[in-house]
Each structure stands twice: as structure tokens, then as C-alpha cells.
Asker: 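Got a structure for you, written out below as C-alpha cells; questions coming shortly.
The figures that follow rest on heavy atoms only: side chains count, while hydrogens, waters and symmetry mates do not. None of these values were measured; they are calculated from a predicted model. Residue numbering restarts at 1 for every chain, and letters A, B, ... go by the order of the sequence lines.
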Protein chains: 2
Amino acid sequence: MANETSETLPVRISRILAERIISGQLEPGARLRQDHVAVEFGASHVPVREAFQRLEAQGLAVSEPRRGVRVAAFDLREVREVAEMRAALEVLALRHAGPHLTRAILDEAEEATRAGDNSPDVRAWEDANRRFHRLIVTPCAMPRLLAAIDDLHAASARFLFSAWRSDWEARTDHDHRAILAALRTGQVEEAAAILARHVQWIGSKPVRTAAGGTRDVFAIQG
Amino acid sequence: MANETSETLPVRISRILAERIISGQLEPGARLRQDHVAVEFGASHVPVREAFQRLEAQGLAVSEPRRGVRVAAFDLREVREVAEMRAALEVLALRHAGPHLTRAILDEAEEATRAGDNSPDVRAWEDANRRFHRLIVTPCAMPRLLAAIDDLHAASARFLFSAWRSDWEARTDHDHRAILAALRTGQVEEAAAILARHVQWIGSKPVRTAAGGTRDVFAIQG
DNA sequence: GATTTCAGAATTATAGATAATTCTTTGACT
DNA sequence: AGTCAAAGAATTATCTATAATTCTGAAATC
């Protein structure tokens, strides 16, 4: 059982399953059967069980006592909840990160914003977006806070991927640029205010469906 | 193996271990050996393992890959971190709970405040204090937010018990009363502002040691 | 005398097996 | 024909056992 990386088996399994849940490959309500997952990864029940518990802690799965574990469902209410928690916590993190932000970090964040604007698909955009947000809050050096924010990002990304399945058009992210501009001039509070609005902004946006019609899709930014 | 309650075994084990960690019975850095715990609860390794993962998710334990799991250490920096996260999240919760607060709930919260003032020991005070905070935020009906707040409360309580081991004097909690007064007159924002200061207030307070001297102990309220 | 190395013990992590519970399907009865 | 009940299959949860890794201690060498 040559573990090429030092990553422990339950962590590996939970990480891969999390990717599938976030990407929408595993749909909400889908059952996660431990034997099936076990044989897929060539492992036994025990590590799979621990992986499930990890997913549950992240809010990506729910486990009913003797009835197995399912991919967590999420409704608009929970999306709003996650967005508001993100707003509250990322603002807190940014306030503490502010004094430790260097020009190099801000340049990297700007590069991430450009990468987001030029993204060919949602996946690439999400990756760049997350990179931006992580860059500007990481210097707060509050591990517990950053871990919580990461989990919330995962939940956000999940919703994002479920909204835009196929059609997607990149557009320039003005909020990111405004945040960077404020940070470059040392206006941390101004940047935090924009960030709060930016993360929390949830509206609806008409999207062309495959059939040619339009439907309303909730749009989350950030 | 008569489970009198419907509580699942790993949950039961993790709950009891959490109590020990929070109360200080299990000191920071203490090793949690899975066999020992297993024999104590008359269980096997597997449920114990899952209980450990739960504790890790709550931030009460840390697990090094092949070297076992220990009770999480905590320094002043983390205490501050937890306090600030609590301030941010409880304020968010209170804003949403505000419109749904009834007179009955506020009366119950006032009763909890009185119970806190008359507490004979820290443990009773913490219990009443947690009851107060939970009462005023629960009506927000945001399960993920409330779960996060609960975990942060556990971390706070842990610090509280480590600070006041034996000597303890109850005092009237003016902040709680001010929060209630604001809520009774519908001033949710005012209550939220007091709550933020209240939770975040970390100062130092001289405490008589067993030897008769005094030492500085960081005091967390809330 | 100090350091390094090797061996034994303890502990963690995984695998295989067993018991208990739930879901499903089939059959009988109303 | 519809509904309820019971038996079988599938799945979860736990236990016992095995393999792998790390820690501890002592002995040997520098």
C-alpha cells in the first residue's frame, strides 16, 4: 500500500469526495455507501467512515444514525447563511490582515483577479476567485478563522457550480479591483466594507438554458 | 450493550471526552490513547477513532498523522481569536434573531442572567451564561451559524475553567442586563454593539492564588 | 563519558469478520 | 384492487485480529 504522498488515507478520501460534491458530480441527497467507496479506493470501511465524518464536519454530508450518510442538500436559505457568515468572518480576517499586507501580496491578488476575468469556465474562475480571497486574508495568521472561511468557501463553490452548469461568461470583477485599490492606499475599513457587500451580494440573473429559453438563477459573487 | 439513549456511540464518547477537556480534567497536550479510552467505555477502537475526529473538528484535539492524538493546546492568541470570531458570529446571529425575539424568550434570558449572578461556582456560571447567549441567538434559525457558535463557546469555556480553577466570586452581569434592556425596546443594533464588546472584552484581573499571593489572569467574559 | 545504533514494547492504522438494523419485495388477507 | 405484514436482501455499526510505524531503553562503540 505505497502511499506516495504523506497524506493520510481518510484525508485523501474525504478530499476527493469533497471535490465531487462541490463540483456537482455527486448530487444533493445522493447516498454515500461505505462499501462502494471502500472498494473504489481499495480501502476498508474504517478509513471511509472517518472520511465521511470529515465531510459531515465541513457541512458537505449529513449522516442519519443507522441509515447511512448522504450528500447534504442545500437551499437558498443556507446559501444566504453561508454568504453572511463569510461576510462576517472575512471582514474580521481582513481587518487583522490589513497591517501585514505587502505590495507583493497585493500584486499577486491582482494577478488572481486578472486570471478570474480571463477564465474559460466556472471552475477556473472559482479557483482564481478563491485564490484572491485567500491571499488578502491569510496574513491575519488566525488558523481557526482561516479554516472556517475555507469550509464556507467550499459551500459557496458548491452552489456556484450548481447554478452555472454549462453556460458561463467571464466578466471583469470590479469589486476585487476596488478592494485592491482601497488596500493599496491603506484604507482597510473601506476595503472591508466593499468585501462585505461583495461576498453577501446575492441576486438573480437570467440565464439561457439549453432549450433556448431563460430561467432565473440565483447568482452569488465572490 | 443496552444503549438506553438513542445517542450513537461515537457521539457519546466524544461528548464525554469534550466535557473533560473543557473542564480541564484533561490538560492541554495530554495524549488520548485509543485503547485506553476504548476499554474505559467498553468499546472498540473504531468508535473511539470517530470520537477523536469529532473532537478534532471542534478544535478540542489535534491529531498528528502516525503519532496519535492530543488534547489541543491553546495560547492567548487563540483565546483572542475565538473571542473575535464569537463577536462577529453572535452579532450576525442576533441581528437575524432580533425580529423573532418574544417576551417569553427575553424573560427566560433574564432568568438565566439571575442564575448566573447567583452561581456558587464557575461551572454553574458558565452554564447559565451559555444559556443566556444561546437563548437570544437561537431564533435566527441558522443551523450552520449556531453550530459554529456552539463550538466557539466550548473553546471559550475551556479557557474560562483553566483561568478560574478554584477561587471564584459571582458578580452581577451588567452587560447581559443592558443587552436585554435594548432588546426589550427593539434596539437590536444597540444590543448587538453591546454584545460585541461584551464577548470581545478580554482584560486581566488579579486573582488570589492558593499560596495567598496574587497573579494576573486573563479574564474573558461572555 | 557521550553518542549512536539496534532491539523490544507500545500504539496507531487498516483489514477482515460478525451482529444488528433498515429497506425492499413478495405474498396473503380484507 | 388496495393495504398490511412478513421474510429476505442490503447496508450500517461494531468487534477481533493483523500489519506497520513510532517511541523507549539499553548496550556497544567512539
Asker: Could you tell me the separation between the CZ atom of A:R33 and the P atom of C:dT24, rounded to a whole number of Å?
Answerer: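 Distance, rounded to whole Å: 11 Å.
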Asker: Closest nucleotide of DNA chain D for A:V46 versus for A:G68: which of these residues is on the 5' side?
Answerer: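 By nearest-heavy-atom nucleotide position, the 5'-most residue is A:G68.
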Asker: Which whole-number value in Å describes the distance from A:Q53 CD to D:dT14 P?
Answerer: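 Atom-to-atom, A:Q53 to D:dT14, this comes out as 10 Å.
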Asker: Let me know the distance between CG of A:L9 and C1' of C:dT14, rounded to the nearest Å.
Answerer: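 After rounding, the gap between these two atoms is 8 Å.
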Asker: If we ignore hydrogens and angles and just use 3.5 Å, is the side chain of B:E90 paired with the main-chain N or O of B:V137 as donor and acceptor?
Answerer: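 No: the side chain of B:E90 does not pair with the backbone of B:V137.
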Asker: What is the distance from CZ of B:F52 to P of C:dT11, rounded to the nearest Å?
Answerer: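 So the two atoms are 12 Å apart, to the nearest Å.
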Asker: Just verifying a value: how many Å separate A:R12 CZ and A:L17 CG, rounded to the nearest 0.5 Å?
Answerer: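 A:R12 atom CZ to A:L17 atom CG measures 10.5 Å (nearest 0.5 Å).
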Asker: Out of curiosity, A:N129 CG to A:H153 NE2, how far, rounded to the nearest 0.5 Å?
Answerer: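 So the CG of A:N129 and the NE2 of A:H153 are separated by 7.0 Å.
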Asker: Does A:R123 come within less than 4.0 Å of A:D121, counting only side-chain N to carboxylate O?
Answerer: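 Judged by the 4.0 Å cut-off on N to carboxylate O distance, A:R123 and A:D121 do not form a salt bridge.
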Asker: Heavy atoms under 4.0 Å, any strand shown: does A:R66 hit a base, just sugar-phosphate, or nothing?
Answerer: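 Contact class for A:R66: base.
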Asker: Over how many whole Å does the gap from B:E64 atom CD to C:dT11 atom C1' extend?
Answerer: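 Between C1' of C:dT11 and CD of B:E64: 14 Å.
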Asker: Side chain of B:A43, heavy atoms from C-beta onward: which of D:dC15, C:dA17, C:dT14 has the nearest atom to it?
Answerer: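 So the nucleotide nearest the side chain must be D:dC15.
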Asker: With under 30° as parallel and over 60° as perpendicular, where do the rings of A:H198 and A:H133 fit, or are they tilted in between?
Answerer: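 Correct class here is parallel.
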Asker: Would you indicate, yes or no, if D:dA13 has its OP1 or OP2 atom less than 4.0 angstrom from a side-chain nitrogen or oxygen of A:R49?
Answerer: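 True: A:R49 side-chain N/O within range (under 4.0 Å) of D:dA13 OP1/OP2.
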Asker: Rounded to whole angstrom units, what separation is found between the CG atom of B:D35 and the P atom of C:dA9?
Answerer: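 Between P of C:dA9 and CG of B:D35: 17 Å.
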Asker: Of A:E50 and B:H36, whose nearest nucleotide on DNA chain C comes first from the 5' end?
Answerer: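 This one resolves to B:H36.
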Asker: Using whole Å, report how far CZ of B:R12 lies from C1' of D:dA13.
Answerer: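 After rounding, the reported distance stands at 16 Å.
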Asker: Indicate whether OP1 or OP2 belonging to D:dC23 is found under 4.0 Å from a side-chain N or O atom of B:R67.
Answerer: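 Checking B:R67 against D:dC23: at least one side-chain N or O falls below 4.0 Å of OP1 or OP2.
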Asker: Which listed nucleotide (D:dC15, C:dT14, D:dT12) is nearest to the side chain of A:R31?
Answerer: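 That would be D:dT12.
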Asker: To the nearest Å, give me how far apart CD (A:Q34) and C1' (D:dA13) are.
Answerer: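 Atom-to-atom, A:Q34 to D:dA13, this comes out as 7 Å.
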Asker: Of all the choices, C:dT14, D:dT16, C:dT12, which nucleotide is nearest to the side chain of A:P10 once you look at every atom?
Answerer: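 Shortest atom-to-atom distance from the side chain points to C:dT14.
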